[in-house]
*Asks:* 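The structure under discussion is supplied below as structure tokens; questions concerning it will follow.
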Amino acid sequence: MSREHKFETDAIKTQMERSEFLEHSTPLHLTSSFIFEDAEDMRASFAEEKERNIYSRFTNPNTSEFVDKMCKLEGAESGYAFATGMAAVFSTFAALLNAGDHIVSARSIFGSTHTLFTKFLPKWNIETSYFKVDEVDNIESLIQPNTKILYVESPTNPAVDILDLEVLGQIAKKHSLIFIIDNCFATPYLQNPIKFGADLVIHSATKLIDGQGRVLGGVTVGRADLIREIYLFSRNTGPALSPFNAWILSKSLETLGVRVDRHCENALKVAEFLETHNKVALVKYPFLKSHPQYELAKKQMKQGGNVVAFEVKGGIEAGRQFLNQLKMLSLSANLGDTRSIATHPASTTHSKLSEADRLEVGISDGLVRISVGLEHVDDIIADLKQALEYV
């Protein structure tokens with residue numbers, strides 16, 4: 001009697017069938033299209049009477065392998081892979097929403113997703129109502145007859161707040177909403193939202209899934225009926241992941257578990273160091289006991305992830321000064337890399353928001369986001385320590 005494999009085994013052993021060359025590692029299929037045996041084969045393939053590759057905008061063996069792995073690791077029925085994380089977000093909403101529909105979303109979401117909700121979807125008469133991460137009790141009051149989707153990130157970007165996925169799943173089920181989770185910060189290794197009632201899970205695979213700052217990618221997995229709609233939309237609009245990037249991401253999943261273990265180990269030590277520093281006013285990390293949702297994080301997540309948010313005393317200028325003094329950490333817009341990365345949201349990614357709007361999503365003037373990498377933790381802490389001396 002066969003048993004289910006553990007996460008790390010599935011991440012390595014899930015791959016396409018070997019060719020006649022009996023390769024050990026998955027080959028690249030760098031082709032735009034695939035040939036047919038005859039006219040009937042071609043007709044049946046386009047009629048979807050056969051499950052086969054036709055054109056790499058639709059499917060490709062490499063993208064299919066990546067999607068199969070992500071489905072297995074997330075416990076999902078089906079999925080589709082995209083060129084970027086935001087292509088996954090946009091295509092998911094565009095495929096499932098009609099003009100006049102309504103979204104209820106946590107206010108603390110990625111900046112480009114916020115722009116999608118406030119600038120682009122309203123062009124098609126699709127509106128969004130926001131709730132604060134600490135005001136889950138207000139969600140039901142925001143639901144309208146035309147509400148179709150409940151959307152959140154957990155942990156949130158950049159303030160690493162945690163939302164109760166089980167409670168949100170119950171609300172979504174009660175009101176027949178499609179419950180969508182951005183699981184980018186946690187990865188399927190640390191958190192499986194489908195277990196808590198999510199219908200769809202979205203990832204920017206550019207982050208921890210690649211983990212080495214090399215390629216862009218995105219993926220949506222979940223209910224087969226919803227993925228079918230997303231596939232049909234994407235097949236015709238062209239946001240598909242390239243076969244080469246899919247090959248990279250599928251190989252990256254083989255080391256996701258061991259990489260994320262070290263990321264989390266380093267991040268917790270960094271958070272503990274920062275919590276004791278006299279130039280730091282506040283530290284947010286899900287597995288710090290001082291985190292407001294610490295018990296919830298322990299319930300939903302295997303470990304706390306690799307992102308630490310902290311507030312430098314002295315506001316925007318202190319935050320800028322801190323970043324300018326870093327010697328080893330990178331200043332970059334990415335996260336989830338082997339290299340540690342620092343960002344000061346108030347002066348960069350969220351600088352166009354008013355101070356009131358920033359504070360509403362937990363971005364104080366001195367907030368710094370650290371994506372803790374895989375360097376030796378002593379070296380990461382040493383760089384943070386010397387930079388804080390100039391604040």
Side-chain angles (χ1 to χ4, degrees), residues 155-162 184-187 189-191 204 206-214 252 255-291 294 297 301-314 318-349 362-364 366-391:
T156 63
N157 182 8
V160 289
D161 287 305
I162 305 296
C184 174
F185 270 30
T187 80
Y189 182 63
L190 299 181
Q191 178 174 269
S204 170
T206 310
K207 310 303 190 295
L208 284 163
I209 288 173
D210 172 33
Q212 292 158 78
R214 300 169 297 185
S252 297
T255 61
L256 182 67
V258 291
R259 286 189 287 106
V260 172
D261 276 340
R262 179 56 65 86
H263 277 297
C264 295
E265 180 185 330
N266 283 357
L268 181 57
K269 290 177 180 177
V270 166
E272 290 170 344
F273 157 73
L274 291 168
E275 203 167 35
T276 65
H277 201 286
N278 60 6
K279 299 286 184 71
V280 175
L282 174 73
V283 181
K284 292 278 286 294
Y285 181 69
F287 270 40
L288 273 185
K289 290 184 179 179
S290 57
H291 192 288
Y294 169 73
M301 300 173 67
K302 182 178 177 181
Q303 298 177 74
N306 83 310
V307 177
V308 178
F310 65 99
E311 185 179 344
V312 178
K313 293 178 181 177
R320 286 196 184 109
Q321 183 67 12
F322 169 77
L323 260 65
N324 285 337
Q325 296 301 325
L326 290 169
K327 299 185 187 308
M328 188 186 78
L329 271 71
S330 304
L331 306 186
S332 172
N334 195 26
L335 61 91
D337 200 319
T338 52
R339 302 160 183 81
S340 294
I341 296 169
T343 309
H344 180 232
S347 67
T348 57
T349 55
I363 302 172
S364 62
L367 186 78
V368 174
R369 185 191 74 190
I370 302 291
S371 170
V372 181
L374 300 181
E375 305 95 341
H376 195 286
V377 71
D378 292 351
D379 295 324
I380 301 171
I381 290 173
D383 197 27
L384 296 173
K385 186 176 182 180
Q386 66 83 22
L388 284 167
E389 291 175 2
Y390 294 90
V391 174

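Because the structure is a prediction, the values reported are computed rather than measured.
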*Asks:* What are the two closest heavy atoms between Ile363 and Pro345, and how far apart are they?
*Replies:* CG2-CB, 3.8 Å

*Asks:* So, do Val372 and Val308 sit near enough that their side-chain heavy atoms are less than 4.5 Å apart?
*Replies:* yes

*Asks:* Can you name the closest pair of heavy atoms from Cys264 and Gly305 and give their distance?
*Replies:* SG-N, 3.4 Å

*Asks:* Taking all non-hydrogen atoms of both residues into account, name the closest pair between Pro286 and Ala297 and its distance.
*Replies:* O-CB, 3.6 Å

*Asks:* Indicate yes or no: does Arg262 engage Glu265 in a salt bridge with an N to O separation below 4.0 Å.
*Replies:* yes

*Asks:* How far does CD of Glu275 sit from OG of Ser290, to the nearest 0.5 angstrom?
*Replies:* 3.5 Å

*Asks:* Report the distance from atom OG of Ser330 to atom CG of Leu335, rounding to the nearest 0.5 Å.
*Replies:* 12.5 Å

*Asks:* With side-chain contact (heavy atoms from CB on, under 4.5 Å) as the criterion, how do Asn266 and Asn306 come out once you've worked through the C-alpha distance, each side chain's angles and the decisive distance to 0.1 Å?
*Replies:* CA-CA 8 Å; Asn266 283 357; Asn306 83 310; over 6 Å; no

*Asks:* Give a yes-or-no answer on whether the side chains of Gln303 and Asp261 include a donor-acceptor pair shorter than 3.5 Å.
*Replies:* yes

*Asks:* Around atom CZ of Arg320, are there more than 12 heavy atoms of other residues, nucleotides or ligands at under 6.0 Å?
*Replies:* yes

*Asks:* Let me confirm one number: the OG-CG distance from Ser340 to Asp383, rounded to the nearest 0.5 Å.
*Replies:* 9.0 Å

*Asks:* Could you walk me through whether Thr187 and Leu256 pass the side-chain contact (heavy atoms from CB on, under 4.5 Å) check?
*Replies:* CA-CA 9 Å; Thr187 80; Leu256 182 67; 4.2 Å; yes

*Asks:* What's the separation between atom CG in Leu374 and atom NE2 in His263, rounded to the nearest 0.5 Å?
*Replies:* 4.0 Å

*Asks:* State which residues pass side chain to side chain contact (heavy atoms under 4.5 Å, CB included) with Ala382; sequence neighbours excluded, sorted by chain then number.
*Replies:* none

*Asks:* Does either side chain, that of Tyr390 or that of Asn324, offer a donor lying less than 3.5 Å from an acceptor on the other one?
*Replies:* no

*Asks:* Under 3.5 Å, is there a donor-acceptor pair between the Arg339 and Ser371 side chains?
*Replies:* no

*Asks:* Can you tell if the side chain of Val283 reaches within under 4.5 Å of the side chain of Leu288, non-hydrogen atoms only?
*Replies:* yes

*Asks:* Kindly indicate whether the side chain of Glu375, heavy atoms from C-beta on, has any atom under 4.5 Å from the side chain of Met328.
*Replies:* yes

*Asks:* Output yes when a side-chain donor or acceptor of Gln321 lies under 3.5 Å from a complementary backbone atom of Leu388, and no otherwise.
*Replies:* no

*Asks:* Before giving the answer on side chain to side chain donor-acceptor pair (under 3.5 Å), spell out for Arg259 and Ser252 the whole-Å C-alpha distance, their side-chain angles and the decisive distance to 0.1 Å.
*Replies:* CA-CA 10 Å; Arg259 286 189 287 106; Ser252 297; 5.0 Å; no

*Asks:* Specify the closest pair of heavy atoms between Arg369 and Asn157, including all atoms of both residues, with the distance to one decimal.
*Replies:* NH1-OD1, 2.9 Å

*Asks:* Could you walk me through whether Phe310 and Phe322 pass the ring pair (Phe, Tyr, Trp, His ring centres under 6.0 Å) test, one step at a time?
*Replies:* CA-CA 12 Å; Phe310 65 99; Phe322 169 77; 5.6 Å; yes

*Asks:* Start with the C-alpha gap between Tyr285 and His291, add the side-chain angles, then the distance that decides, and say whether side-chain contact (heavy atoms from CB on, under 4.5 Å) holds.
*Replies:* CA-CA 6 Å; Tyr285 181 69; His291 192 288; 5.5 Å; no

*Asks:* Counting N and O atoms only, with roles assigned by atom type, does the side chain of Thr343 sit under 3.5 Å from a partner on the main chain of Ala333, one being a donor and the other an acceptor?
*Replies:* no

*Asks:* May I ask you to test the Leu384-His277 pair for a side-chain heavy-atom distance under 4.5 Å?
*Replies:* no

*Asks:* For the atom pair NZ (Lys279) and NZ (Lys313), what is the distance rounded to the nearest 0.5 Å?
*Replies:* 9.5 Å

*Asks:* So, for Ile341 and Asp337, which heavy atoms are closest and what is the spacing to 0.1 Å?
*Replies:* CD1-CB, 3.9 Å

*Asks:* Show, in sequence, the C-alpha distance, side-chain angles and deciding distance for Leu329 and Ile380, and conclude whether the side-chain contact (heavy atoms from CB on, under 4.5 Å) test is met.
*Replies:* CA-CA 7 Å; Leu329 271 71; Ile380 301 171; 4.3 Å; yes

*Asks:* Output yes when a side-chain donor or acceptor of Thr156 lies under 3.5 Å from a complementary backbone atom of Asp161, and no otherwise.
*Replies:* yes

*Asks:* Grab the two heavy atoms, one from Leu367 and one from His344, that are nearest each other, plus how far apart they are.
*Replies:* O-CD2, 3.0 Å

*Asks:* So how far is it from Phe185 CZ to Leu190 CG, rounded to the nearest 0.5 Å?
*Replies:* 12.5 Å

*Asks:* In plain terms, say whether Lys385 and Glu389 are close enough for a salt bridge, that is, a side-chain N and a carboxylate O under 4.0 Å apart.
*Replies:* no

